[in-house]
Each structure stands twice: as C-alpha cells, then as structure tokens.
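Small disclaimer: the values here were computed from a predicted structure and weren't measured.
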Amino acid sequence: MNIAENLSLMDKLNILSDAAKYDVACTSSGIDRGGNGKGMGNTCAPGICHTFSADGRCVSLLKILFTNECIFHCAYCQNNCSNDVPRASFTPDEVCTLTMEFYRRNYIEGLFLSSGILISPNYTMDLIYQTVYKLRNLHHFNGYIHVKAIPGADPVLIQKTGFLADRMSINMELPTADSLRKLAPNKSRKTILKPMRLIQSGITENQYEVALYRQTPRFVPAGQSTQMIIGATPETDYQVMKVAEGLYQNFELKRVFYSAFVNVSGNSLLPALPQGPPLLREHRLYQADWLLRYYDFQVDELLSESRPDFNVFLDPKCDWALRHLECFPVEINLADYRTLLRVPGIGAKSAGRIVKARRMNRLDFSDLKKIGVVLKRALYFITCSGKMMYNTKLDENYICENLMRDKTQIPPDIRNNGYQQLSLFDSGCLADFGVNANQCDSLLIS
C-alpha cells in the first residue's frame, strides 16, 4: 500500500472523494424530516436530485470514503490491497467538520459515506458509527445521511448505525455467487445477504413500533439499496434482472443500482473494454428496472433464457411492444390504467392523467399531447375513438424502423461517447456547487 502521511484535510478530501466516485449514491432522499429548531438542516423526500454526471450519477451529496485502505483483494476495485494508489483515512471528527462546513455553505444536501475495510469489518463499521453518532448528537445535523454497511460487521453495530442514518446499503458487487468467488475471494453472498436481511427486518419491526409508540426512533427510514457492477463478468441481462427482481421481492429494496464496469485496476481476470464502459447496457438495465418497479412488468415478460439480452437500439418497453403487437392498438378512451402503462410513450403520470381526464370528455390526440404523452412513440400503438393518428401499419419492421429514427432512444451523452466519472475536485463539479478551486483551501475557515 502507498500510505500517504502528514496529509492535510483537503488532501484527504481530494483522495477520498475521488476514490468514492465509482460508488453509486442516491437519486432522492426518500424521507421527510423537518428541522427541530435546535440542530442544523432538514431532509426533504424529493431532495438531493440537483447535480448529475454525464452518465446519470448524482453528485449533490458529499460522497466520500472513510478510508481507501483495504485488507480485501477485489479484482475490480481500484482500492484493493494490491493496487499502488495513494492511501488516506479520515477521522470521525474530520468527516463531521467537512459535512457541517459544506452544508453551511449550501454546497451539499447530505452525506454519502462508504469505506474500504480498515483492519477488520468490525473496526471499520465502528468508525462509521462513531462518525454518524457525532454528526447527529454532537453537531445536531438533521440532513440526509446514506451509509454503506460493511459486510461481516457485528449486527449490533449495523443496527445502531441504522437508527442514525436515513438510508443504508450493502453492495451486491456482482450478480452471481460464482463471479463473486472469482473476483472478490474475501467476500461471499452469505456475508452480503445477512446484513441486508437484518436491515429489512429492522425496518419492518420499527415501522410497527413507530405505529404503536410515535416517539420511537426510526430505523433506516429511507430504506436500503444495493449496487451491482455490470460488464466485469459474463452474466446476461436476464440473469442480472432476475437477481434484481428477487432483491425487490425478497428484501424490499428501494433501489438496485447498476454500475457500468470501469477497468481501473488492469487485472488480467477482468475483460478488456476497447469501447469503454458499457454505458448503453447500463442505461437499458435502468429502464427495465423502472418497468419492474413502476409499470407492473415481470422480468420474464421482457427477457428469457433464449433471448437473454436487451435490444441496444430500442428501450425495453418499445421492444416488448413490438414483440406483442397482438396487444395493440389500445383505445385511449377505454383501456384501464395497467394497460395504458404498457403503451410506449405513456408514463405513469400521463396514464393517471388520461384516466382522470376522460371522465369528463373523450380524448383526442391533441389532448394526449397536452397531457404529456410522447406521441412520436405512442402513435403506432393507440387509437382515439377508434382512429389512429396517421395511416400507419401495425407491422413490426415498419414500426421498428420508425422508432429507431427517434434519437431519444439513445441518450446524447452516450451516443456521443461523453463518458466521464466526476470527482468533487473536477472544475465542472465545483462550478455546480458554486465554488472555485481557489476557494477550496479556505473552505474550512470560518
């Protein structure tokens, strides 16, 4: 290990914020908590979603590792014990200082704290607990906190941390146990799923206690999430989505995040990616994940063992519709909400607006446009009062050819190869926070 000594707080922040950029954080806080008039800050459920990197990662949290020193040897991780990278560790007080000073200046809305494994899982988890305890009880910080639980740590430490954090997560790392054994020999599916089950049980029990005794402290009120690395191992989209579906059903996760593999360690066990990280594949997985959570789809409807990967040229919903033309066209003025959800170009909000608006009048295509329906996709699959918008053919090849002309099928930043992982110290990111590089050194002086 290349352990740097005598580092300033800003030097540590530079190293440990950069080391955290591959850890997916959170798209929304998911919890409301007002200020109590004594502490600092509050948490709003739709908050956090302000600054995103080109590939969709949220950077409006202070996203740092407690330490990038690690005793584990995960082939895909830049912080594994064999890599010669500058190493640094915060103290609990240093993390508290950074969080409070950044929050006071309105640069962040909360803290995302992950960590390498320093000495042992228990030792590291205890340091994280001390940090969050001091933020809540000594600094009276009421803002959003997302903490990564350390697999293999004492359940008591995870439980105590859960009563202080808003969200907790344990990374699945890789989709299958075989891949985990190959690339992360110090980790196992059991050590990952055990704390995940502990957090789920704690959330369920605490919800019951809060309902009975209103003053009971809330346990991980914003729920738990996880992350899988995509592209480092040969699993198909079908395998990845089946794992995600099982996690939603069995562990009641709020989110599964998919992280396109970036070969930062050059390990021979890892695949070469001459075209860069598989961002389009990541994008399709997120779209399919959305269909599972909000559109009442099942994985087996979208993919199968004989057709295990998504169409890279069309979003999963359009692809499903083309393979099920027998379900279309859908009559807008008669179809139920669930049926409307399955029409390309109609989202959950617009489907709800359609159901509400047609109680008063029959809808036509001009009404749908005002409601928010994306007609350039939907027009092939719907009728209004028995008529289609144009004289179109209900033919797979014809519709596919026209849909592929829609440039929004592939996001422009992916289409233009605009991949970039942002760091807190990137000039663009600093500008989004309203601070320039010259201000960094004096950031903590107040």
| request: Taking the side chain as every heavy atom from C-beta outward, state whether L285 and F310 have any atom pair closer than 4.5 Å. | output: yes

| field | Within-4.5 Å side-chain heavy-atom neighbours: Y76 and L269 | value | no

| remark: Smallest heavy-atom separation, P308 atom then L303 atom, equals O-CD1, 3.8 Å

| message | Before you tell me yes or no, could you show the steps for F66 and L16 under side chain to side chain contact (heavy atoms under 4.5 Å, CB included), namely the whole-Å CA-CA distance, both residues' side-chain angles and the distance that decides it to 0.1 Å? | response | CA-CA 7 Å; F66 189 90; L16 294 171; over 6 Å; no

| query | When you look at CD of E305, are more than 12 heavy atoms from neighbouring residues, nucleotides or ligands closer to it than 6.0 Å? | reply | no

| said: Using side-chain heavy atoms (C-beta onward) and a distance below 4.5 Å, is V95 in contact with V132? | reply: no

| Side chain to side chain, L247 and M196, heavy atoms closer than 4.5 Å | yes

| field | Residue pair V240 / R281, side-chain heavy-atom distance below 4.5 Å | value | yes

| request: Determine whether Q200 and R197 make a side-chain contact, defined as any pair of heavy atoms from C-beta on separated by less than 4.5 Å. | output: yes

| message | Does any part of the side chain of E245, heavy atoms only, come nearer than 4.5 Å to the side chain of Q298, both counted from C-beta? | response | yes

| Is a side-chain donor or acceptor of S179 paired with a backbone partner of T176 at a separation under 3.5 angstrom? | no

| request: Drop me the distance from S115's OG to E69's CD, to the nearest 0.5 angstrom. | output: 9.5 Å

| task | Measure across C318 and P344 and return the closest heavy-atom pair with its distance rounded to 0.1 Å. | result | SG-CB, 3.7 Å

| query | Closest approach of M168 and A149, non-hydrogen atoms and distance? | reply | CE-CB, 3.7 Å

| task | Enter the distance from D126:CG to T161:OG1 here, rounded to the nearest 0.5 Å. | result | 8.5 Å

| Spatial distance of atom CD (E173) from atom OG (S188) [nearest 0.5 Å] | 12.0 Å

| query | When you measure from the side chain of D154 to the backbone N and O of N122, does any donor-acceptor pair fall under 3.5 Å? | reply | no

| request: Step through the shown structure and confirm whether more than 12 heavy atoms of other residues, nucleotides or ligands are within 6.0 Å of CZ on F251. | output: yes

| remark: Residues I71 and S120: closest non-hydrogen pair is CD1-CA, 4.3 Å

| message | With a 4.0 Å cut-off on N to O distance, would you call K242 and D300 a salt bridge? | response | yes

| field | Side chain to side chain, I203 and I199, heavy atoms closer than 4.5 Å | value | yes

| remark: Separation between CZ (F261) and CD1 (I230), nearest 0.5 Å, reads 12.0 Å

| field | Among H146, K254, Q224, R255, side-chain hydrogen bond (donor to acceptor under 3.5 Å, both in side chains) partner for S169 | value | H146

| request: Return yes if some donor-acceptor pair links the side-chain N/O of S89 with the main-chain N/O of N68 below 3.5 Å, else return no. | output: no

| field | Cation-aromatic face contact R342/F297, 6.0 Å, 45 degrees | value | yes

| query | Taking everything shown except Y337 itself, do over 12 heavy atoms lie less than 6.0 Å from its OH? | reply | yes

| field | Stepwise side chain to side chain contact (heavy atoms under 4.5 Å, CB included) check, E109 with Y144 | value | CA-CA 7 Å; E109 293 187 75; Y144 176 79; over 6 Å; no

| request: Taking D166 for its side chain and I145 for its backbone only, find out whether a donor-acceptor pair lies under 3.5 Å. | output: yes

| said: Between K182 and D178, does the salt bridge (Lys or Arg N to Asp or Glu O under 4.0 Å) criterion hold? Intermediate values first, please. | reply: CA-CA 6 Å; K182 182 179 179 181; D178 288 341; over 6 Å; no

| field | Salt bridge present between R284 and D319 (N-O < 4.0 angstrom) | value | no

| said: If we ignore hydrogens and angles and just use 3.5 Å, is the side chain of D309 paired with the main-chain N or O of T236 as donor and acceptor? | reply: no

| task | Apply the test side chain to side chain contact (heavy atoms under 4.5 Å, CB included) to residues R307 and R323: give CA-CA distance (whole Å), side-chain angles for both, the deciding distance (0.1 Å), then the verdict. | result | CA-CA 12 Å; R307 190 178 179 280; R323 290 184 287 108; 3.4 Å; yes

| Is there a donor-acceptor pair closer than 3.5 Å between any side-chain N or O of K317 and the backbone N or O of L341? | yes

| said: With rounding to the nearest 0.5 angstrom, report the CG to CG distance, N186 to L180. | reply: 10.0 Å

| query | Rounded to the nearest 0.5 Å, what separation is found between the OG1 atom of T204 and the CZ atom of F219? | reply | 10.0 Å

| message | I need the minimum non-hydrogen distance between L65 and A20, along with the two atoms involved. | response | N-CB, 3.8 Å

| task | Please confirm whether the backbone N or O of Y258 pairs with a side-chain atom of Y286, one donor and one acceptor, at under 3.5 Å? | result | yes

| task | Please assess L111 against Y103 for the test side chain to side chain contact (heavy atoms under 4.5 Å, CB included), listing each intermediate value before the final yes or no. | result | CA-CA 9 Å; L111 171 67; Y103 196 92; over 6 Å; no

| Is there a side-chain hydrogen bond (donor to acceptor under 3.5 Å, both in side chains) between D406 and T408 once you walk through the steps? | CA-CA 5 Å; D406 179 7; T408 62; 2.6 Å; yes

| note | Heavy-atom closest pair (A88 atom, T67 atom, distance to 0.1 Å) is O-OG1, 3.1 Å

| Where the side chain of T226 meets the backbone of I170, is there a donor-acceptor pair that is under 3.5 Å apart? | yes

| said: If we ignore hydrogens and angles and just use 3.5 Å, is the side chain of N83 paired with the main-chain N or O of N80 as donor and acceptor? | reply: no

| task | Please check if the side chain of Q287 supplies one atom and the backbone of D315 the other of a donor-acceptor pair under 3.5 Å. | result | no

